[in-house]
Amino acid sequence: MILSQIIVNIPRGLQARNTCRLYVIASSFECNIHIIYKGITCEMDLMDIMNLNVIERDELTLVANGKDEKDAISTLKNFLSEGKFSFNNN
């Protein structure tokens with residue numbers, strides 16, 4: 001299990017479009033991924049993530065547990081901090 005804190009640095013935070021992108025990225029990994037924000041933990045569920053109301057410059061914790069947890073955390077951190085992502089095809 002890996003826990004990693006991140007400052008969200010994408011415009012408009014986790015509004016609908018960014019949440020959908022986050023969901024698609026997270027769904028590509030073979031591990032369980034959770035977000036912890038202001039004491040609330042949610043799984044990768046579109047509505048649950050949007051209901052967190054995460055805005056730009058907010059801090060959250062990513063939790064990944066499973067086969068490719070390191071790659072998942074790395075890719076998600078890159079997306080949340082820079083708005084960019086690429087898939088590692090190892």
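Owing to the predicted nature of the structure, the values given are computational and were not obtained by experimental measurement.
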Checklist entry - Side chain of Ser28, backbone of Ile25: donor and acceptor closer than 3.5 Å? => result yes

Item to check | side chain to side chain contact (heavy atoms under 4.5 Å, CB included) between Leu76 and Leu22, intermediate numbers included | outcome: CA-CA 7 Å; Leu76 292 171; Leu22 178 73; 3.5 Å; yes

Next on the checklist: When you compare the side chain of Val54 with that of Ile49, does any pair of heavy atoms fall below 4.5 Å?
Outcome noted: no

Item to check | side chain to side chain contact (heavy atoms under 4.5 Å, CB included) between Ser27 and Met44, worked out | outcome: CA-CA 8 Å; Ser27 296; Met44 282 293 129; 5.8 Å; no

Checklist entry - Quick one: CG on Leu62 to CD1 on Ile2, what's the gap to the nearest 0.5 Å? => result 10.5 Å

Next on the checklist: Would you compute the distance between atom CG of Leu3 and atom CE of Met1 and round it to the nearest 0.5 angstrom?
Outcome noted: 6.5 Å

Next on the checklist: Please determine whether side chain to side chain contact (heavy atoms under 4.5 Å, CB included) holds for the pair Cys42 and Ile35, giving the CA-CA distance in whole Å, both sets of side-chain angles, and the decisive distance to 0.1 Å.
Outcome noted: CA-CA 5 Å; Cys42 73; Ile35 295 173; 4.2 Å; yes

Checklist entry - Out of curiosity, Asn51 CG to Leu14 CG, how far, rounded to the nearest 0.5 Å? => result 12.0 Å

Next on the checklist: I'd like to check Ile40 versus Leu52 (side-chain heavy atoms, cut-off strictly below 4.5 Å). Are they in contact?
Outcome noted: yes

Next on the checklist: Quick check: closest heavy atoms across Tyr37 and Leu60, and the distance to 0.1 Å?
Outcome noted: CD1-CB, 4.1 Å

Item to check | Least distance between heavy atoms, Ile6 atom then Ser81 atom | outcome: CD1-CB, 3.8 Å

Checklist entry - Do other residues, nucleotides or ligands put more than 12 heavy atoms under 6.0 Å from Glu43 CD? => result no

Checklist entry - Which atoms form the tightest heavy-atom contact between Arg57 and Asn9, and what is the distance? => result NH1-OD1, 3.0 Å

Item to check | Nearest non-hydrogen partners of Ala72 and Ile33, listed with the distance | outcome: CB-CD1, 4.0 Å

Checklist entry - What are the two closest non-hydrogen atoms of Leu46 and Tyr23, and how far apart are they? => result CD2-CB, 3.5 Å

Checklist entry - Going from CG on Asp71 to CD on Glu30, what distance comes out if it is rounded to the nearest 0.5 angstrom? => result 11.0 Å

Next on the checklist: Let me confirm one number: the CD-OG1 distance from Gln5 to Thr61, rounded to the nearest 0.5 Å.
Outcome noted: 4.5 Å

Item to check | Nearest non-hydrogen partners of Glu69 and Cys31, listed with the distance | outcome: CA-SG, 4.0 Å

Checklist entry - With no hydrogens and no angle check, is any side-chain donor or acceptor of Gln15 less than 3.5 Å from a backbone partner on Arg17? => result yes

Next on the checklist: Could you measure the distance from the CD1 atom of Ile55 to the CD1 atom of Ile10? Nearest 0.5 Å is fine.
Outcome noted: 12.0 Å

Item to check | Check against side-chain hydrogen bond (donor to acceptor under 3.5 Å, both in side chains), Asn18 and Arg12 | outcome: CA-CA 8 Å; Asn18 291 331; Arg12 295 180 301 280; 5.9 Å; no

Next on the checklist: Taking Val8 as the starting point, is it possible to reach Val63 by hopping between hydrophobic residues whose side chains are less than 4.5 Å apart?
Outcome noted: no

Checklist entry - Under 3.5 Å, side chain of Asp45 to main-chain N/O of Asp48, donor-acceptor pair present? => result yes

